[in-house]
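These notes are about the structure you will find just below.
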Amino acid sequence: MFVFLPFNNLLCNLLGISLTVWFTLLMVFIIVPAIFGVSFGIRKIYMKTLLIIFKWATLRLERGAKEKNHPLYKPYTNGIIAKEPTSLEEEIKQIRRSGSNKSLDTAEFELSDIFYFCRKGMENIMDDEVTKCFSAEELESWNLLSRTNYNFQYISLRLTVLWGVGVVIRYGFLLPLRVALAVTGVSLLITGTTIVGCLPNGRWKDFLSKHIHLMCYRICVRALTAIITYYNSENKPKNGGICVANHTSPIDVIILASDGYYAMVGQVHGGLMGIIQRAMVKACPHIWFERSEVKDRHLVANRLSEHAHDKNKLPILIFPEGTCINNTSVMMFKKGSFQVDATVYPVAIKYDPRFGDAFYNSSKYGMIRYLLRMMSSWAIVCSVWYLPPMTRQEGEDAVHFANRVKAAIARQGGLADLLWDGGLKREKVKETFKEEQQKLYSMMIGGSQSDRSRS
């Protein structure tokens with residue numbers, strides 16, 4: 001038994017030295033730079049290296065597929081059906097023109113009109129604009145993640161070995177490192193905000209609260225190996241305003257909060273999330289609603305308005321879509337946050353799917369599985385644009401103001417601007433949408449009939 005003591009001591013010493021070196025590197029290259037907001041440029045070098053590898057892997061995949069006569073899947077980025085932005089009346093007139101000898105101005109129903117509605121129905125079944133907004137974005141190139149390209153299959157030994165090495169790096173090195181960083185960031189956030197919450201209100205408390213939040217969010221950003229480029233920082237949200245952004249993932253909050261100070265809005269949760277919320281609200285006036293209060297629109301609007309009109313409070317961060325969209329489009333903004341008479345600061349967020357899919361499909365993955373997928377990806381690369389502040393124009397209602405802000409975000413982020421409600425992800429189409437199409441057609445027929453009766 002005593003013969004093995006020197007060996008045990010040596011093993012303990014080596015383990016101690018390894019842990020010391022590990023935590024030293026962690027502090028020097030990640031945590032300390034996160035505290036001061038500096039970067040050594042290691043992540044950008046890492047990103048450029050990955051792009052070179054991805055390009056080689058894609059070319060090798062395509063060449064191998066040609067050699068073996070395997071058809072390559074190409075995603076339909078613009079949809080599988082070519083659609084032109086024409087109105088109901090114009091399309092029905094085209095159908096009548098091609099299939100009838102009657103005058104196009106006749107005010108009577110024609111049997112050929114039903115072909116328009118049949119075609120529209122089949123187009124929406126085959127190429128549904130809403131459903132494809134809630135599925136992962138398919139890549140034309142391969143990033144060595146088998147879950148991002150349908151062309152992934154055995155092509156060559158070298159390519160398979162490279163994929164295997166990537167799995168070892170992602171799960172054996174990057175994943176443990178990122179989990180350690182995430183635990184560090186969340187622990188510091190809970191501990192720091194709890195301590196700061198015990199201080200009396202004043203400038204010193206506000207100063208510490210802001211910088212503790214900023215430091216912890218930056219650590220969490222590094223836990224995802226997030227490489228973020230911010231544009232137009234002169235338009236960053238200011239106190240007494242509302243920041244609105246398109247929503248792709250729960251980490252949108254971390255992406256924005258690692259570059260500025262925000263008051264969060266959300267529903268009260270239990271478990272770990274509840275602990276974090278209770279700690280955060282002690283140090284900063286975040287707005288948390290009880291489950292029973294969320295449906296009370298007047299209460300929500302009053303609390304948002306009260307916060308936004310206080311120039312000493314941080315800008316409110318809101319995602320008006322109300323659900324996560326797959327980084328290809330922006331869907332309808334809920335009008336609630338635009339009813340508040342306050343300056344709105346639009347922000348556009350666009351992720352680069354080549355390094356990892358940031359979209360959170362809550363109907364398919366739980367939060368733990370989603371975070372595991374995120375932390376086992378190569379990196380999270382995104383661009384953030386701060387747009388000029390916007391206010392409601394005279395005579396403009398909340399709906400039109402929301403659509404104007406949404407259009408600006410979609411245009412800047414290169415996203416499709418859709419009018420559909422993100423709630424259709426889980427709900428059926430409202431009857432009002434159907435009635436709107438019925439009214440358009442009845443007005444087309446009814447208007448012509450009234451004109452004819454007057455003549």
Side-chain angles (χ1 to χ4, degrees), residues 22-44 46 174 176-230 233 236-239 243 245 249-266 272-288 312-317 347 349 358 371 374-375 379-382 384 386:
W22 172 264
F23 284 110
T24 301
L25 293 174
L26 204 65
M27 288 292 295
V28 172
F29 289 101
I30 298 178
I31 295 179
V32 173
I35 294 173
F36 295 100
V38 298
S39 175
F40 295 117
I42 298 175
R43 286 175 293 170
K44 290 188 176 180
Y46 169 71
L174 292 178
L177 173 63
R178 291 167 176 172
V179 170
L181 284 173
V183 171
T184 302
V186 172
S187 301
L188 287 175
L189 180 64
I190 295 174
T191 305
T193 51
T194 301
I195 295 174
V196 171
C198 298
L199 300 176
N201 295 330
R203 292 184 178 180
W204 182 239
K205 179 179 180 180
D206 293 340
F207 175 82
L208 288 177
S209 174
K210 288 180 179 179
H211 286 80
I212 286 175
H213 278 84
L214 195 63
M215 174 191 71
C216 296
Y217 287 132
R218 285 173 174 169
I219 293 174
C220 291
V221 159
R222 282 162 170 78
L224 298 169
T225 315
I227 304 167
I228 314 167
T229 306
Y230 298 96
S233 296
K236 288 173 66 172
K238 297 178 176 58
N239 288 3
C243 174
S249 162
I251 69 166
D252 293 338
V253 175
I254 302 174
I255 297 295
L256 294 177
S258 63
D259 189 52
Y261 313 109
Y262 298 94
M264 310 298 175
V265 178
L272 177 61
M273 184 61 69
I275 295 174
I276 296 174
Q277 286 181 323
R278 289 190 293 271
M280 289 172 61
V281 79
K282 292 178 182 178
C284 179
H286 299 288
I287 305 175
W288 306 131
N312 295 319
K313 291 185 178 180
L314 299 177
I316 304 172
L317 177 58
V347 177
I349 306 174
L371 291 175
M374 293 282 286
M375 290 187 175
I380 299 300
V381 180
C382 72
V384 176
Y386 297 110

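Nothing here was measured: the structure is a model prediction, and the numbers come from that model.
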* Test item: I276 and I190 side chains (from C-beta on) under 4.5 Å apart, heavy atoms -> yes

* W204 versus L199, closest heavy-atom pair with distance -> CD1-CD1, 4.3 Å

* Asked: Going from CG on L314 to SG on C243, what distance comes out if it is rounded to the nearest 0.5 angstrom?
  -> 12.0 Å

* Would you say the side-chain atoms of H286 pair up with the backbone N or O of V281, donor to acceptor, closer than 3.5 Å? -> no

* Structure fact -> L256 and A245 have their tightest heavy-atom pair at CD1-CB, 4.2 Å

* To do: List the steps and the verdict of side chain to side chain contact (heavy atoms under 4.5 Å, CB included) for V384 and Y230.
  => CA-CA 5 Å; V384 176; Y230 298 96; 3.7 Å; yes

* Stepwise side chain to side chain contact (heavy atoms under 4.5 Å, CB included) check, D259 with I228 -> CA-CA 10 Å; D259 189 52; I228 314 167; over 6 Å; no

* Structure fact -> When every non-hydrogen atom of M375 is compared with those of A182, the smallest separation belongs to CE-CB, 3.5 Å

* **Chi angles and distances behind the side chain to side chain contact (heavy atoms under 4.5 Å, CB included) call for H213, L189** => CA-CA 7 Å; H213 278 84; L189 180 64; 4.1 Å; yes

* Hey, does the side chain of R43 reach the backbone of A226 with a donor-acceptor pair shorter than 3.5 angstrom? -> yes

* Could you grab the distance from atom CG of L214 to atom OH of Y262, nearest 0.5 Å is fine? => 10.5 Å

* **Non-hydrogen atoms of S233 and Y386 that approach each other most closely** => CA-CD1, 4.0 Å

* If you draw a 6.0 Å radius around NZ in K44, do more than 12 non-hydrogen atoms from other residues or ligands fall strictly inside? -> no

* To do: First locate atom CD1 of I287, then atom CD1 of I316, and finally report the distance between them rounded to the nearest 0.5 Å.
  => 4.0 Å

* Structure fact -> dist C284:SG -> I212:CD1 (nearest 0.5 Å) comes out at 11.5 Å

* Is a side-chain N or O of S187 found less than 3.5 angstrom from the main chain of V183, in a donor-acceptor match? -> yes

* To do: Could you pull out the closest heavy-atom pair between K205 and K282, with the gap in Å?
  => NZ-O, 3.3 Å

* Asked: Does A283 offer a backbone N or O that forms a donor-acceptor pair with the side chain of T193 under 3.5 Å?
  -> no

* **Contact summary for I219 and L181, nearest pair of heavy atoms** => CG2-O, 3.5 Å

* Any chance you could measure W288, atom CH2, to Q277, atom CD, to the nearest 0.5 Å? => 4.5 Å

* Distance, nearest 0.5 Å, that separates CZ of R278 from CE of M280 -> 13.0 Å

* Asked: Using 30° and 60° as the class limits, which term best fits the ring planes of H211 and F207: parallel, tilted or perpendicular?
  -> tilted

* **Stepwise side chain to side chain contact (heavy atoms under 4.5 Å, CB included) check, C220 with L224** => CA-CA 7 Å; C220 291; L224 298 169; over 6 Å; no

* Any side-chain heavy atom of I380 sitting closer than 4.5 Å to one from T225? -> no

